[in-house]
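A quick write-up on the structure given underneath.
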There are 2 protein chains.
Amino acid sequence: MSDHDTPSRPVPTMRDIAAAAAVSQSTVSRVLSGVPTAVPIAPQTRQRVLQTARELGYRPNPLARGLRGAATNLIGAVVRDFSDPFFAGAIEALVVESMGHGYNVVLGHAPGRTGKGAVSLTTVLETRHTDAVVLLGAMQEHPKLLTELRSSVVPVVALWPGIGPHDFPTVDADDRAGIRAGLSHLESLGHRRIAFVNAELPGNYRVRVEAYADFMRERFGAVPPGYVEQCPNTLAGGDAALRRLLAHPEPPTAVATSTDLVAVGVLHAAHSLGATVPDRLSVVGFDDILIAAHTVPALTTLRMPIAEIVGHAVAQAVGLTREPAGSPRRTGHKVFAPALVVRDSTAPLMATTPGV
Amino acid sequence: MSDHDTPSRPVPTMRDIAAAAAVSQSTVSRVLSGVPTAVPIAPQTRQRVLQTARELGYRPNPLARGLRGAATNLIGAVVRDFSDPFFAGAIEALVVESMGHGYNVVLGHAPGRTGKGAVSLTTVLETRHTDAVVLLGAMQEHPKLLTELRSSVVPVVALWPGIGPHDFPTVDADDRAGIRAGLSHLESLGHRRIAFVNAELPGNYRVRVEAYADFMRERFGAVPPGYVEQCPNTLAGGDAALRRLLAHPEPPTAVATSTDLVAVGVLHAAHSLGATVPDRLSVVGFDDILIAAHTVPALTTLRMPIAEIVGHAVAQAVGLTREPAGSPRRTGHKVFAPALVVRDSTAPLMATTPGV
DNA sequence: TCTCCTAATGCAATCGTATGCAGGCATTGG
DNA sequence: CCAATGCCTGCATACGATTGCATTAGGAGA
């Protein structure tokens with residue numbers, strides 16, 4: 001039972017490097033920290049230390065580093081909804097990008113319905129001493145979280161933040177341009193009776209339905225009454241929304257949606273009701289989630305540039321980390337344009353279609 | 001610029017509690033650590049300290065705690081494939097469960113193809129001093145990771161670990177029972193020409209295809225030649241697999257798959273080829289991912305008890321954390337049974353179907 | 001040769017918590 | 001009334017890295 005003190009210590013510390021390289025521990029720190037402007041180090045000393053560290057397989061201890069007040073190299077990610085396949089891709093991108101910058105990701109959960117999650121979440125972020133926080137999705141349902149983040153010194157970047165105003169730098173898709181591209185596509189196919197299924201997420205996606213309304217007013221003078229359906233951002237929500245739309249006295253010949261998730265639900269309902277897509281009904285989604293290319297039929301949608309958005313956000317978060325603590329909070333807003341991806345769920349308006 | 005020393009210090013430490021409660025910092029530590037067997041504390045002192053801590057809003061600093069050698073309350077999650085919607089649900093469950101136990105989750109990425117991710121990943125887990133590691137998905141592609149984890153003192157729990165042998169405790173679904181339930185369902189509908197599409201993940205899912213082979217031999221004397229198709233675990237993979245199967249001289253009347261992901265691909269291909277589901281072709285998936293209830297048609301599948309599996313794994317990981325460091329590694333294996341969910345992708349074999 | 005300056009390095013305190021050990025006070029037994 | 005025993009509590013150190021300040025060595029100029 002005398003293995004309390006392991007002879008070969010598993011992980012070497014700076015002291016070990018210092019002893020092996022015949023320098024002081026502080027010199028080791030200065031070399032490995034890589035802060036060039038601090039204090040000059042003789043080139044040969046630097047080389048000797050680096051060499052020794054490499055030989056001993058040294059790894060800095062982020063706990064000690066963070067305790068002293070330096071960086072923890074941790075990014076806190078607050079995710080609104082894990083079950084949304086859209087965010088799954090975003091998380092993957094976030095992890096990869098962060099690791100590329102030498103950061104790790106701690107997860108927080110901010111579920112939409114109950115506010116309970118947000119409380120413990122904030123605790124986490126404050127307590128873990130993350131270097132930065134990335135918000136994935138709209139957080140309007142968690143005002144307490146936002147308040148605490150605002151008064152915190154930790155830099156925050158918000159992704160897909162929903163409607164403003166925002167106190168943090170945001171990175172988002174150009175929802176308006178995306179919706180207009182999808183609607184223009186439908187219009188060019190001859191469609192006039194275009195409805196919109198809007199996934200209602202408090203504070204989010206409102207831009208998309210507004211873009212739809214503006215487009216319709218601009219091109220056709222008005223938004224057809226009863227052509228906008230609100231629904232939860234779920235498959236079942238899209239399903240139910242289409243059923244309501246098809247019960248309309250003048251049912252639409254095309255449907256645009258604010259998310260692929262509801263679009264898939266729309267496809268499902270259309271199939272159940274015998275409204276063949278795309279022959280009798282054209283459908284346009286938004287996001288281009290993984291499954292969109294393999295629905296029945298394959299979904300025409302707007303591709304969300306997730307990699308660009310997340311990459312930009314991480315780069316910005318890391319950049320903000322390096323700024324001095326006292327600097328004023330930045331609130332830049334970066335926008336990326338979605339790209340129309342035409343697949344099989346849209347087709348020219350058939351001449352036989354009644355009306356218009 | 002003299003705000004270098006903020007008057008109201010943002011986060012109180014044990015020293016602050018100690019000063020306010022007129023005790024020493026070590027007493028505060030003993031009270032708040034909540035280790036009852038260590039040293040007796042006078043009840044009134046304990047109450048006073050707890051009260052003061054509550055008033056000042058004290059939160060322990062996990063960095064300092066971890067540095068001292070105690071728990072970091074961090075669980076490292078190594079995820080095989082974020083883009084698999086199946087794992088997205090697992091991650092959500094993992095985060096929720098972990099937070100319920102007072103733990104946070106750091107993410108690691110172990111992508112299937114390149115081994116590059118695993119290296120930096122191991123670095124992470126060793127360096128971050130996680131209290132436990134949870135492996136999501138088969139890790140046979142990352143032998144280096146497994147080796148390092150084996151020689152590490154950190155308790156490891158493996159979820160859906162694929163084929164054995166395993167040195168860690170595992171939690172898994174009863175793949176064999178699930179496959180048999182799906183096949184029995186098809187058999188009871190009159191199907192005999194049942195094919196299998198197997199998502200090939202190195203070291204994983206082999207149990208499922210073997211269960212299929214055993215079932216077919218047991219009931220029909222042999223596995224029909226050319227009735228097993230291997231494919232990547234993607235939508236495109238399932239799509240291509242079904243095309244090959246339908247080119248068979250005696251095409252199957254039913255297809256079982258090892259994952260819902262490929263099942264959705266199969267549905268897509270079936271639609272493209274005019275093989276109406278379920279009239280001309282029955283399809284059974286596995287996992288019951290979110291979208292399964294809303295495919296066209298809705299997918300009959302085996303529901304994976306994700307919450308139970310993840311909950312059990314987290315409880316076990318936390319339990320292992322509390323064990324003394326020297327104790328031998330446990331290797332229990334826990335299995336949960338999937339449940340058959342019958343939807344619209346399976347139907348009785350039509351009498352008009354040629355053959356059999 | 002002596003002084004002064006600068007480049008290079010070491011010393012030591014510090015972050016917040018945990019814990020072995022010593023010491024104080026009260027209670028109890030003789 | 002004194003001593004011994006226990007129950008609490010405080011002191012001091014350690015964890016690993018960062019960093020202000022002190023210190024040394026070496027070179028250059030007078």
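Side-chain atoms are counted along with the backbone in the values below, which use heavy atoms only and exclude waters and symmetry mates. Worth saying up front: this structure is predicted, and the values here are computed from it rather than measured. Chain letters run A, B, ... following the sequence lines, proteins first, then strands; residues in each count from 1.
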Exercise. How long is the gap from CE on B:Met14 to CG on B:Leu56, to the nearest 0.5 Å?
Worked result: 13.0 Å
Problem set entry | Length of the CE-P vector between A:Met14 and C:dC15, whole Å | 19 Å
Exercise. Could you give the angle between the helix axes at the two ends of the helix from C:dT1-D:dA30 to C:dG30-D:dC1, with five pairs per end, rounded to 10 degrees?
Worked result: 60°
Please report, to 0.1 Å, the donor-acceptor pairs under 3.5 Å made by any side chain of residues 64-73 of chain B, with sequence neighbours excluded.
| residue | atom | partner | partner atom | Å |
| --- | --- | --- | --- | --- |
| B:Thr72 | OG1 | B:His129 | O | 2.6 |
| B:Thr72 | OG1 | B:Asp131 | OD1 | 3.1 |
| B:Asn73 | ND2 | B:Gly102 | O | 3.1 |

Exercise. Atom CZ of A:Arg65 to atom C1' of C:dT14: distance rounded to whole Å?
Worked result: 17 Å
Exercise. Of all residues at least two apart in sequence or in a different chain, which pass the side chain to side chain donor-acceptor pair (under 3.5 Å) check with B:Ser98?
Worked result: none
For this session: Rounded to the nearest angstrom, tell me the gap between atom CG in B:Leu32 and atom P in C:dT17.
Result: 9 Å
For this session: Nearest 0.5 Å please: distance from the CD atom of B:Glu97 over to the OH atom of B:Tyr103.
Result: 13.5 Å
Exercise. Heavy-atom distance under 4.5 Å between the side chains of B:Leu136 and B:Arg80, does that happen here?
Worked result: no
Problem set entry | A:Thr45: partners by side chain to side chain donor-acceptor pair (under 3.5 Å), with sequence neighbours left out | none
For this session: With sequence neighbours left out, write down each residue that passes side chain to side chain donor-acceptor pair (under 3.5 Å) with B:Thr52, or none if nothing qualifies.
Result: none
Problem set entry | Length of the line joining B:Asn61:CG and C:dA18:C1', which is rounded to integer Å | 13 Å
Exercise. Roughly how far, to the nearest 0.5 Å, is CG of A:Leu107 from CG of B:Leu94?
Worked result: 8.5 Å
Exercise. Nearest-Å distance, CG (B:Leu63) to C1' (C:dT17)?
Worked result: 11 Å
Seminar exercise, completed: From CG of B:Leu67 across to P of D:dA17 the rounded distance in Å is 9 Å
Exercise. Where along nucleotides 7-14 of chain D does protein come under 4.0 Å, by heavy atom, of base (B) or sugar-phosphate alone (S), with - for untouched nucleotides?
Worked result: -SBBB--B
